[in-house]
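Starting from 1, each residue takes its place in the sequence as its number.
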Amino acid sequence: VQLQASGGGLVQAGGSLRLSCAVSGRTFSSYNVGWFRQAPGKEREFVAFVNWSGGSTYFADSVKGRFTISRDNAKNTVYLQMNKLKPEDTAVYYCAVHNNRGYYPSTYSYTGSYDYWGQGTEVTVSS
């Protein structure tokens, strides 16, 4: 499984970006996928999750109401729409495929629950 994240860039506070995560693999429609981010000097943190069907989504409290996550199984792609961006959203954003060991509603926010990671895409929000 390979993941390619894209769509990052420089944006002013209050602006929007849409990140994409293209995932290789014949069984993409069975993958549960998460987005994480890592700011300089900080640990990687959970941002958002979407299950295999798109029917279940979870978000970090810090992005609720501003970010949405969706997927297009025909295109093997997961999207992270980020609105009302803040300077504190500045980070490298990573997408990852959940390892499905354990019940994902209990494990979606842990980096150790993901086996495959993309290379990251950088988001910078200026004030």
Side-chain angles (χ1 to χ4, degrees):
V1 178
Q2 293 184 320
L3 298 89
Q4 179 75 39
S6 62
L10 173 64
V11 63
Q12 288 189 330
S16 298
L17 281 175
R18 188 176 80 158
L19 306 184
S20 298
C21 177
V23 183
S24 68
R26 291 176 293 177
T27 56
F28 172 77
S29 60
S30 68
Y31 297 158
N32 300 310
V33 178
W35 282 96
F36 289 75
R37 66 187 182 187
Q38 188 165 18
K42 295 188 175 181
E43 292 188 353
R44 193 168 298 189
E45 66 175 6
F46 169 75
V47 176
F49 171 95
V50 62
N51 80 331
W52 61 275
S53 70
S56 291
T57 59
Y58 303 96
F59 297 91
D61 287 344
S62 59
V63 307
K64 278 181 183 176
R66 300 188 298 122
F67 291 12
T68 59
I69 188 171
S70 62
R71 65 189 294 156
D72 184 337
N73 284 348
K75 295 182 178 180
N76 282 23
T77 302
V78 173
Y79 303 99
L80 183 69
Q81 177 67 43
M82 307 186 296
N83 299 326
K84 300 179 182 179
L85 283 161
K86 304 175 181 181
E88 50 264 44
D89 294 318
T90 295
V92 177
Y93 283 70
Y94 300 89
C95 56
V97 172
H98 193 271
N99 60 27
N100 287 337
R101 291 191 290 272
Y103 184 48
Y104 70 71
S106 300
T107 62
Y108 65 83
S109 65
Y110 300 105
T111 56
S113 299
Y114 295 79
D115 282 348
Y116 302 100
W117 293 82
Q119 85 293 353
T121 185
E122 188 168 5
V123 172
T124 303
V125 184
S126 63
S127 57

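- Linking ILVMFWY side-chain heavy atoms closer than 4.5 Å, directly or via other members, places F36 and V123 in two distinct hydrophobic clusters.
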Between W117 and R44, does a side-chain contact (heavy atoms from CB on, under 4.5 Å) hold up when you go through it step by step?
CA-CA 12 Å; W117 293 82; R44 193 168 298 189; 3.3 Å; yes
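- How far CG of L19 is from CG of L80: 5.0 Å, rounded to the nearest 0.5 Å.
- Closest non-hydrogen pair, K42 versus Q38, comes out as O-NE2, 3.1 Å.
- Residues S20 and T77 approach most closely at CB-CG2, 4.2 Å, considering heavy atoms.
- Each of Y110, Y116, Y114 was evaluated against H98; a single residue qualifies, Y114, per the side-chain contact (heavy atoms from CB on, under 4.5 Å) test.
- Annotation: Q2, atom CD; neighbour count of heavy atoms from other residues, nucleotides and ligands within 6.0 Å does not exceed 12.
- Checked against the 6.0 Å centroid criterion, the rings of F67 and F59 do not qualify as a close aromatic pair.
- Note that OG of S62 and CG of D89 are 7.0 Å apart. Values are rounded to the nearest 0.5 Å.
- Distance check, rounded to the nearest 0.5 Å: CD1 of I69 to OG of S56 gives 11.5 Å.
- Residue S127 comes nearest to A13 through the heavy atom pair CA-CB, 4.3 Å, listed as atom of the first residue, atom of the second, then distance.
- Of all heavy-atom pairs between N51 and N32, the closest is CA-OD1, 3.1 Å.
- Taking the six-membered ring wherever Trp is involved, the centroid distance between the rings of Y58 and F46 does not fall below 6.0 Å.
- Taking 4.5 Å as the limit, every side-chain heavy atom of L3 sits out of range of all side-chain heavy atoms of Y94.
- Residue Y108 holds its OH atom at 11.0 Å from OG of S113, rounded to the nearest 0.5 Å.
- Under the 4.5 Å side-chain contact rule for hydrophobic residues, Y93 and V63 share a cluster.
- When atom types are taken as modelled, the side chain of N76 and the backbone of V23 share a donor-acceptor pair closer than 3.5 angstrom.
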From CA spacing to verdict: side-chain contact (heavy atoms from CB on, under 4.5 Å), V1, Y31:
CA-CA 10 Å; V1 178; Y31 297 158; 3.3 Å; yes
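- For the pair T57 (side chain) and V50 (backbone), a donor-acceptor distance under 3.5 Å is absent.
- Here the CZ-CG distance, from F28 to D72, works out to 8.0 Å after rounding to the nearest 0.5 Å.
- Under the 3.5 Å distance criterion, the side-chain polar atoms of Q119 are matched with a main-chain donor or acceptor of A5.
- Looking at N83, its side chain never comes within 3.5 Å of a backbone N or O of S16 through a donor-acceptor pair.
- Between S29 and N73 the shortest heavy-atom distance is CB-ND2, 3.7 Å.
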Stepwise side-chain hydrogen bond (donor to acceptor under 3.5 Å, both in side chains) check, T107 with Y103
CA-CA 6 Å; T107 62; Y103 184 48; over 6 Å; no
Please walk me through it: do R66 and M82 pass side-chain contact (heavy atoms from CB on, under 4.5 Å)?
CA-CA 6 Å; R66 300 188 298 122; M82 307 186 296; over 6 Å; no
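- Here the straight-line distance linking atom CZ of R71 with atom SG of C21 works out to 9.5 Å at 0.5 Å rounding.
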